Protein chains: 2
Amino acid sequence: MQPDPEDLTARARIRDAALRLFGEQGFDRATIRGIAEVAGVSSGLVRHHFGSKEALRDECDAYLARALTRLNDQVRADMATSETNYLAVAVSVFAPYRSYISRALVEGRVAPLFDTLADLSAEWLAERDENRADPPEVPLKARAAVGTAMSLAVSVLYEHVSRRLGVDVFSAEGQVLLARTLLDLYSHPWLSPEEAAALRARLPEDSGSDTAEGGA
Amino acid sequence: MQPDPEDLTARARIRDAALRLFGEQGFDRATIRGIAEVAGVSSGLVRHHFGSKEALRDECDAYLARALTRLNDQVRADMATSETNYLAVAVSVFAPYRSYISRALVEGRVAPLFDTLADLSAEWLAERDENRADPPEVPLKARAAVGTAMSLAVSVLYEHVSRRLGVDVFSAEGQVLLARTLLDLYSHPWLSPEEAAALRARLPEDSGSDTAEGGA
DNA sequence: CACTTTACTACACGCCTGTGTAGTTCGGGA
DNA sequence: TCCCGAACTACACAGGCGTGTAGTAAAGTG
């Protein structure tokens, strides 16, 4: 549970307001005056604490990166008490920042945040590789990066997924449907080994030219 | 190959410039004057043809939706000549608009575009369901929506994936690495049936409360 | 106490923006 | 030829923006 907004320092309230308005309206559309109003301070104080609008955004990015690192370390510490679902915690903690993070990710920002997730994914994949029958011919790092992007897809494209499912995927009922869907997708390969081999055979051997499976 | 920009009508040149600048800089940061300059016309002509900045963006959205529908129908027409790789064509056609589309998708716009892709994905999934051992307990539409989001992930998070892979994933060599990575991920389930069953057992039966796997 | 620093406000400046308006060029029918 | 509408330009306007500056209140600190 968050502390009472009245208890937070003005600086923190400004940062939270910025995270919210940057997320809701985007960086350019959100105004310093609007952020100040939400935070209950004067617009001058925003400048006093953060210097400029861009610096304020940088601080928002850094804050989220710190928050994820902190959560990560914390979970890694009491790994023994692993009854708590790390993913569920992370989702609920970062839910208020979903919109901000999505915008930032698409613009190529918050790289440390993505990197932390990708490193985490790499760890998880490395464990699984030990029990894997065929040796992966693709670097672990590549699979982790692409896998992380895919894991973020539902958050980033939240509005479209919710619309197509007919329910807010982050609401109580939506989360259950999303979880079932993810479990189904994650536990069934999209391509059979034969299909994969056939497609792989059509790829150039070393560094090639034109044929590929893309994401769009 | 695109026709010579000089041959395009001014209206088309304005739209192309808008697609480019909205993609590169975002809707708010891009200016009508900047778009006019790139298109080689006066800023007034932009207004003459499109009425307002928002209407110009709407036209960009609609143009891309039409382009995808056109490509889709075309491919469906000469299905017999299926030696051409639909995905590869789609990727190369929409590559110049990747940035624009990503921004639009995150903001919840271009819904028809996402819907077209999701419908396509549903068709493809329906075929696969016929050869599937266990009956899926999740609606086809849900799997198609989430699967589509995942397929778009690499495009939307292009910069992060490229950075982590150390190579532009849409360059010649990057595409090959990306293709290999996708083939590996698509042909290996992320969860074993037992793990999936265990996680599914922890979900509430009907409409539930708090535990779920989210996208972070 | 005096003094400095920090937190905070009020206010004005200048720029850039989207938009409105008046006017010009030009091609194609009657 | 005349004319009319579409394509297109030049220019001015008002508003909102980020930012700069001056000043006040409060909180340490010797």
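Just so it is clear, the structure is predicted and the values come from calculations on it, not from any experiment. Residue numbers begin at 1 in each chain, while the letters A, B, ... track the order of the sequences.
Rounding to whole angstrom units, CD1 of residue Ile32(A) and C1' of dC13(C) are separated by 15 Å. Whole-Å rounding puts the Arg11(B) CZ to dT9(D) C1' distance at 19 Å. Rounded to a whole Å, the CD1 atom of Ile35(B) is 11 Å from the P atom of dT17(C). The interatomic distance linking Arg29(A) (CZ) with dT17(C) (P) rounds to 15 Å, in whole Å. In this structure, Gln25(A) places its CD atom 15 Å from P of dG16(D), rounding to the nearest Å. Rounded to whole Å, atom P of dC16(C) lies 14 Å from atom CD of Glu37(B). Put simply, CG on Asp28(A) is 11 Å from P on dT17(C), counting in whole angstrom units. Regarding Phe50(A), its CZ atom lies at a distance of 17 Å from the C1' atom of dT19(D), rounded to whole Å.
The heavy-atom pair separating Ala111(A) from His160(B) by the smallest distance is CA-CE1, 3.7 Å.
With dC8(C), dA7(D), dT9(C) as the choices, the nucleotide that has an atom nearest any side-chain atom of Val41(A) turns out to be dT9(C). Residue Ser42(A) places its side chain closer to dC8(C) than to any other of dC8(C), dG18(C), dC8(D). Candidate nucleotides dG18(C), dA7(C), dT19(D) were compared by shortest atom distance to the side chain of Thr31(B), and dG18(C) ranks first.
Nucleic acid contact class of Ala30(A) (heavy atoms, under 4.0 Å, all strands): sugar-phosphate only. Leu45(A) comes within contact range of at least one nucleobase, with a heavy-atom separation under 4.0 Å.
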- Can Phe114(A) and Arg163(B) be said to form a side-chain contact (heavy atoms from CB on, under 4.5 Å), step by step? CA-CA 10 Å; Phe114(A) 187 91; Arg163(B) 176 170 43 80; 4.2 Å; yes
- Criterion side-chain contact (heavy atoms from CB on, under 4.5 Å) on Trp190(B) and Leu185(B), from CA distance to verdict: CA-CA 8 Å; Trp190(B) 296 16; Leu185(B) 290 175; 3.9 Å; yes
- What do the steps show when you test Tyr63(B) against Asp58(B) for side chain to side chain donor-acceptor pair (under 3.5 Å), and what is the final call? CA-CA 8 Å; Tyr63(B) 172 76; Asp58(B) 292 344; over 6 Å; no
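Judged by atom type and distance alone, Arg33(A) reaches the base of dG18(D) through a side-chain donor-acceptor pair under 3.5 Å.
The shortest distance between the side-chain N/O atoms of His48(A) and the OP1/OP2 oxygens of dC8(C) is not below 4.0 Å.
Ser162(B) places no side-chain N or O within 3.5 Å of a backbone atom of Asp168(B) that could act as its donor or acceptor partner.
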